[in-house]
Amino acid sequence: MMAAQKELYDAIVIGAGIQGCFTAYHLAKHSRRVLLLEQFFLPHSRGSSHGQSRIIRRAYPEDFYTEMMAECYRIWAQLQHEAGTQLYRQTGLLLLGMKENPELKTIQATLSRHGVEHQYLPSEELKQRFPNIQLARGEVGLLDKSGGVLYADKALRVLQDAIRQLGGIVHDGEKVMEIKPGLPIVVKTTSSSYQARSLIITAGPWTNRLLRPLGLELPLQTLRINVCYWKEKAPGSYSVSQAFPCFLGLGLSLAPHHIYGLPSREYPGLVKGTSREHSSWHGFKLSPIVGKILYELSMKLTPSYDLTPFRISRFPSLGKAHL
């Protein structure tokens, strides 16, 4: 028989990926009693927050993302200072595309409007600046000088430690079995039962498993991303120490999808890269603000940002979603 847990939390967060960790961090930082639940033992590689590195940037076509990233950089810097360990390295982000590429032009205009330091590189200057990149004819570059690398797995450990130090509680290896809405909300796990005034679910691909018994289903699509590592042709020439930047190819002729890459660091002599259909992939870098907004919503505070671009109604068809 499970023993009842009598303590009433201000909030329970389900899912200890980067979004859940930052949500719990903001709650604990504002003196809220928070419990962070994770079904797997930490650390693990079953979600989307594992791995050693992620790209951070302010280069976006959308103004609202570029604006949000300004505060994200400040929070990342604050967390780095509090932890006394490096979580971010500035390398710059090089965007590559044809001169007439509309997305590249939009991103440049967005960076200009927000006063983000950047540099447009015509084809010849791009070749001179980065001779170890094979370019297509007519290809140009846009360098977001604020871009760089986030040390992802280290950031997760730092956040989880910070939550505990601020008085929050982290339980891993504890799967949620049942959620009972009400005042208070009751969450039953494989180990115990907990009560809270509010509940935040940041469970990624497991979200709908938790919501279906409540009569809810969100139009979520789980994607498996293949990450590759390419061996450097000239050893060391694509490394962080040689000032090689992160890069993003926008719809190049040889690759219809966007190509992302980071300078070699994780594994010496290997450059990390992947291809994706869109450049609206930004969960890790934006997690400081996502966590802040989820904290504000859970505490019935006015959100710091206009959430209109993120409304569920933006999906043309909700399928089985019942909201």
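Because only heavy atoms are used, hydrogens play no part in the values below, and waters and symmetry mates are left out as well, while side chains stay in.
Residues Pro184 and Ala196 share a closest heavy-atom pair of CB-O, 3.4 Å. A pairwise comparison of heavy atoms in Leu27 and Ala11 identifies CD1-CB, 3.8 Å as the closest pair.
Here the CD atom belonging to Glu178 is positioned 11.5 Å from the CG atom belonging to Leu210, to the nearest 0.5 angstrom. In this structure, CG in Leu96 is found 8.5 Å from CZ in Phe130, a value given to the nearest 0.5 Å. Here the OH atom belonging to Tyr65 is positioned 13.5 Å from the NE2 atom belonging to His114, to the nearest 0.5 angstrom.
Screening Ile12, Leu8, Val186, Val176 for a side chain to side chain contact (heavy atoms under 4.5 Å, CB included) involving Tyr194 leaves a single residue, Ile12. Partner Val149 forms a side chain to side chain contact (heavy atoms under 4.5 Å, CB included) with one of Ile55, Thr91, Leu93 and no other, that one being Thr91. The residue from Met68, Met69, Glu67, Lys145 that alone fulfils the side chain to side chain contact (heavy atoms under 4.5 Å, CB included) condition with Arg58 is Met69. The side chain to side chain contact (heavy atoms under 4.5 Å, CB included) test with Ile107 singles out one residue from Val116, Leu248, Leu95, and that residue is Leu95.
A heavy-atom distance below 4.5 Å is not found between the side chains of Phe244 and Ser237. Between Lys99 and Val140, the closest side-chain pair of non-hydrogen atoms falls below 4.5 Å. Inter-residue side-chain proximity for Ser287 and Tyr25 is flagged as unmet; no heavy-atom pair is nearer than 4.5 Å. Residues Lys154 and Leu87 form a side-chain contact, since some pair of their non-hydrogen atoms from C-beta on lies under 4.5 Å apart. Residues Ile169 and Arg33 form a side-chain contact, since some pair of their non-hydrogen atoms from C-beta on lies under 4.5 Å apart.
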From CA spacing to verdict: side chain to side chain contact (heavy atoms under 4.5 Å, CB included), Tyr238, Lys231: CA-CA 10 Å; Tyr238 298 90; Lys231 187 176 181 180; over 6 Å; no

Chi angles and distances behind the side chain to side chain contact (heavy atoms under 4.5 Å, CB included) call for Phe310, Phe64: CA-CA 11 Å; Phe310 309 103; Phe64 55 85; 3.7 Å; yes

Salt bridge (charged side-chain N to carboxylate O under 4.0 Å, His left out) between Glu100 and Lys105, intermediate numbers included: CA-CA 8 Å; Glu100 63 277 9; Lys105 291 180 178 180; over 6 Å; no

Evaluation steps, side-chain hydrogen bond (donor to acceptor under 3.5 Å, both in side chains), between Gln160 and Gln165: CA-CA 9 Å; Gln160 290 154 12; Gln165 291 167 7; over 6 Å; no

Derivation of the side chain to side chain contact (heavy atoms under 4.5 Å, CB included) call for Leu36 and Cys21: CA-CA 8 Å; Leu36 177 61; Cys21 282; 4.1 Å; yes

Residues Leu286, Tyr60; criterion side chain to side chain contact (heavy atoms under 4.5 Å, CB included); working and verdict: CA-CA 12 Å; Leu286 271 161; Tyr60 280 101; 4.2 Å; yes

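The existence of a salt bridge linking Lys175 and Glu38 is excluded, since no basic side-chain nitrogen approaches an acidic carboxylate oxygen closer than 4.0 Å. We find that Lys29 and Glu82 are joined by a salt bridge, their nearest charged nitrogen and carboxylate oxygen being less than 4.0 Å apart. The pair Asp144-Arg57 does not meet the salt-bridge criterion, since no charged nitrogen lies less than 4.0 angstrom from a carboxylate oxygen.
Taking the centre and axis of the six-membered ring of Tyr151, the NZ or CZ atom of Arg265 falls inside the cone set by 45° and 6.0 Å.
Applying the 6.0 Å contact sphere to CD of Glu117 captures no more than 12 heavy atoms from other residues, nucleotides or ligands. Open room surrounds CD on Gln134; 12 or fewer heavy atoms of other groups in view lie less than 6.0 Å from it. Other residues, nucleotides and ligands contribute only 12 or fewer heavy atoms inside 6.0 Å of the CE atom of Met177.
Considering only residues two or more places apart in sequence or on other chains, Tyr229 meets the side-chain hydrogen bond (donor to acceptor under 3.5 Å, both in side chains) condition with Glu266. Legend: residues meeting side-chain hydrogen bond (donor to acceptor under 3.5 Å, both in side chains) with Tyr88, ordered by chain and number and at least two apart, are absent.
Side-chain contact check for His171 and Glu174: at least one donor-acceptor pair (N or O, by modelled atom type) lies under 3.5 Å. A side-chain donor-acceptor contact under 3.5 Å links Ser241 and Ser239. Side-chain contact check for Arg113 and Gln108: no donor-acceptor pair (N or O, by modelled atom type) lies under 3.5 Å.
The aromatic rings of Trp206 and Phe40 sit perpendicular, their planes meeting at an angle over 60°, well past the 30° parallel limit.
Under the salt bridge (charged side-chain N to carboxylate O under 4.0 Å, His left out) criterion, the residue pairs touching residues 287-307 are Glu71-Lys292, with sequence neighbours excluded.
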